[in-house]
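Since the structure is predicted, the reported quantities are computational estimates derived from the model, not experimental observations. Note that ligands are numbered from 1 as they come in the structure, with each ligand's atoms numbered from 1 the same way.
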Amino acid sequence: MSFAKLKAARQDKPSYVTSNALPSQESSAVPSEGAKESLYKSIPDHLQIRTSAVSGRGLWITKPCLPGQVLFAVKPHVAALSNERLALHCSQCFGGGGNAGLKRCTQCQLIYYCDSTCQNLDWTFHKNECIALQRVTASGETAIPSDAIRCLGRIMWKRQKQGPASPWTQEIDLLQSHKQEVQPSAYELHTHIAISLVRYLGLSSPSEIAAFGIASGADLADFVSRFVTNTFTITDPSLAPLGASVSPPVALINHSCDPNAVVVFPRSRPNNQEPLMQVVALREISANEEILTAYIDTTLPKAQRQTSLRETYLFSCACALCMSTQSDLRDSVWCPKACGGVCPAPTEGKFTRLPRSCTYPHNGTENSLSRCTQCLSALQKTDEVLDALRIGQQALDKASLLQSTDPAKSKQLCSKLIPILTSAGFTPSSHPLLALTRLYTALLIADLQSSSPSQETLDDAVVCATKAVAGLDGILRYGHPVRGIARAELGKLLAVDEPAPRPPAASAAEEALRYPPSGAKRLRMALDVLLQARGELGVGFGAPNEGGAVGRDVREDVVRLERELGVWQKGLSEAMRDANEAKTVQRS
Ligand SMILES: [Zn+2]
Ligand SMILES: [Zn+2]
Ligand SMILES: [Zn+2]
Ligand SMILES: [Zn+2]
């Protein structure tokens, strides 16, 4: 497999933010259970809008379904590419992935399309947007408004055109409001967005917003706040973020940190139907069970999930995972006695730091130590773990920030911190070790694409990707799209032609211990991993979508590898036969 192929499969660091919809809570405008008759026509009959005392308004399924089943598929009401992606994708279908063959709008010169079909389909949205963007450019402002502002602009122009009574506008207006719960910091952000929006729309005063059916400045702030908490990130088939979108029917789905469904964009339809959001079952769901997706990255430990949900979505999560008293691999360190069990990772304040002079056994503070869940051994090196946790988190924040601007520095931070966290006892699934491992894998893959790679970099990337897969397996459900993509990445890395395959080790025992292996053994491993990836992608991206674009790509790799291994096998048996024949000739 070529590096170009690998590059094509890997555009960006995979991110997994799917649904940003609000959790249901009482709102002034709750659609009744019968509302679906006139609104939400895109929701199929086997799903119902219901209200429960626990989670409020949500979507329930009326008949059982299997993992990989597409529960429903819908085009978002509005979508806008992020600024970095504007010149790389079509603004209508979000296809493209590199601007080869894309055509630029000759008026604003900022928006691109596949062809005139995509351009015509987008015209209801782009007509006014084009003028607004030309106004921005003419004003000498260098910064193009963010995807959030452009998305809001699209909503405003469309609601003006459709009128307040149209189902489209009504569904947008029924997005849930949380104005009572908005934190001062969030309020500031919403005000800032509202001001930028007014300017982008070309209004000279906020009162002119009445022309868009919004009565006052306060209503506009509320509108912006509802937009922010109901936005979905559109991702490409390898889960890299592309832009923002709003879909009122999908926004009805409530959150769980261990969701039974995911929202994905497998890109399996013709361009005029894309970007199509597909809600896919991750496990068997029984009749009359609620459909739940995750609004946040569920590889994070509970404390971080709760903070993120409170700050952005204004609620405290009480899902089964958050309420569980069992230890969670997301914040665990290996048992100090290496019994195979784990200890909950200590947190500042929760487990007492022992004085540095302390040696076990220690009276008094001993009971507050973290203990192995299997053999009950106490974790002695609380200080070391806490220090590693603190510097690990700092390094992760910095490395994530520098990922695109200074990848070398970012890589350096990862390579320094991964061994520190590992030696402090963190499990591969724990935070921030897993996040650093995934980031490091992404950076190594980027290296492989940009330069002619050394065997060492390639092997490092394989080792790192293997750890990422192991870490994700510990905490995410089989078939989760993040797991599928990580496996596909590992399989592809293993299948890359080795620049300098290692000679076999001196002994078979030594050879067996080597990772990654070289030659045919490596190719067989690549095939195994790609077959597993195909299975998982077939669930997470929906069975009818065959794993989405990445799944289809993996299928092709599998066929190629099977052929290559077949040739290898044939070559080997021919060589054996020749050798045998030679021996026979010698003997005779
Ligand atoms: Zn297009
Ligand atoms: Zn234009
Ligand atoms: Zn939760
Ligand atoms: Zn133990």
Side-chain angles (χ1 to χ4, degrees), residues 18-19 21 23-24 54-55 58 80-81 86-87 90-92 102-114 116 118-138 144-145 150 153-154 157 200 253-260 290 292-345 360 369-381 425 427 431 475-477:
T18 54
S19 151
S24 287
V54 186
S55 50
L81 284 164
L86 270 182
C90 168
S91 270
Q92 193 287 127
L102 290 179
K103 314 231 168 3
R104 187 160 66 164
C105 169
T106 52
Q107 305 290 305
C108 64
Q109 308 206 7
L110 288 168
I111 298 289
Y112 290 74
Y113 295 107
C114 299
S116 56
C118 276
Q119 181 168 27
N120 290 338
L121 278 169
D122 199 45
W123 189 240
T124 48
F125 285 116
H126 188 57
K127 193 176 153 209
N128 293 294
E129 178 185 71
C130 192
I131 298 163
L133 287 173
Q134 288 175 60
R135 201 166 38 230
V136 172
T137 323
I144 302 162
R150 285 182 284 107
R154 285 178 163 231
W157 291 307
Y200 176 56
I253 302 172
N254 283 318
H255 164 87
S256 166
C257 301
D258 181 19
N260 56 17
E290 187 180 4
L292 298 165
T293 59
Y295 301 174
I296 49 154
D297 177 1
T298 56
T299 63
L300 294 172
K302 181 180 165 183
Q304 262 133 321
R305 296 198 308 270
Q306 291 280 354
T307 306
S308 162
L309 289 166
R310 238 186 340 263
E311 282 175 359
T312 313
Y313 304 102
L314 317 167
F315 74 102
S316 298
C317 185
C319 75
L321 185 64
C322 287
M323 292 295 109
S324 166
T325 51
Q326 305 263 303
S327 70
D328 182 2
L329 285 176
R330 290 169 180 83
D331 43 359
S332 292
V333 287
W334 292 117
C335 165
K337 296 266 166 71
C339 79
V342 293
C343 309
Y360 186 72
L369 290 172
S370 166
R371 286 180 179 281
C372 171
T373 49
Q374 272 182 35
C375 73
L376 300 179
S377 298
L379 183 72
Q380 294 303 301
K381 46 181 189 176
T427 71
H431 184 81
I475 50 176
L476 298 180
R477 210 176 263 287

(Q) Applying side-chain contact (heavy atoms from CB on, under 4.5 Å) to Asp258 and Thr298, what does each step give before you reach the verdict? (A) CA-CA 7 Å; Asp258 181 19; Thr298 56; over 6 Å; no
Q) Would Cys90 and Leu102 satisfy side-chain contact (heavy atoms from CB on, under 4.5 Å), going step by step from the backbone distance to the final call? A) CA-CA 7 Å; Cys90 168; Leu102 290 179; 4.2 Å; yes
Q | Residue pair Asn254, Glu290: steps toward the side-chain contact (heavy atoms from CB on, under 4.5 Å) verdict | A | CA-CA 8 Å; Asn254 283 318; Glu290 187 180 4; 2.7 Å; yes
Q.
Working note: Arg330 + His431, criterion side-chain contact (heavy atoms from CB on, under 4.5 Å); need CA distance, chi angles, decisive distance, verdict.
A. CA-CA 6 Å; Arg330 290 169 180 83; His431 184 81; 5.6 Å; no
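For the Zn ion (ligand 3), the nearby protein N/O/S atoms, meaning those under 2.8 Å, are Cys257 SG, Cys317 SG, Cys319 SG, Cys322 SG. Residue-and-atom listing of protein N/O/S atoms under 2.8 Å from the Zn ion (ligand 4), sorted by chain and number: Cys335 SG, Cys339 SG, Cys372 SG, Cys375 SG.
Checking side-chain atoms of Thr307 against main-chain N and O of Ala303 turns up a donor-acceptor pair under 3.5 Å.
No side-chain heavy atom of Ile131 sits under 4.5 Å from any side-chain heavy atom of Gln107. Between Arg305 and Leu321 there is a side-chain heavy-atom pair separated by less than 4.5 Å. No side-chain heavy atom of Val136 sits under 4.5 Å from any side-chain heavy atom of Ile144. The closest side-chain heavy-atom distance from Gln119 to Lys103 is not below 4.5 Å.
If you count the protein N, O or S atoms nearer to the Zn ion (ligand 2) than 2.8 Å, you get 4.
Taking every heavy atom of both residues into account, Cys343 and Pro336 meet most closely at SG-CD, 3.6 Å. When all heavy atoms are compared, the tightest approach of Cys105 to His126 is SG-NE2, 3.6 Å.
Under a 4.0 Å N-O distance rule, the pair Arg154/Glu129 qualifies as a salt bridge.
Every residue meeting the side-chain contact (heavy atoms from CB on, under 4.5 Å) condition with Ser91, not counting sequence neighbours, appears here in chain and number order: Leu81, Leu86, Ile111, Tyr113, Asp122.
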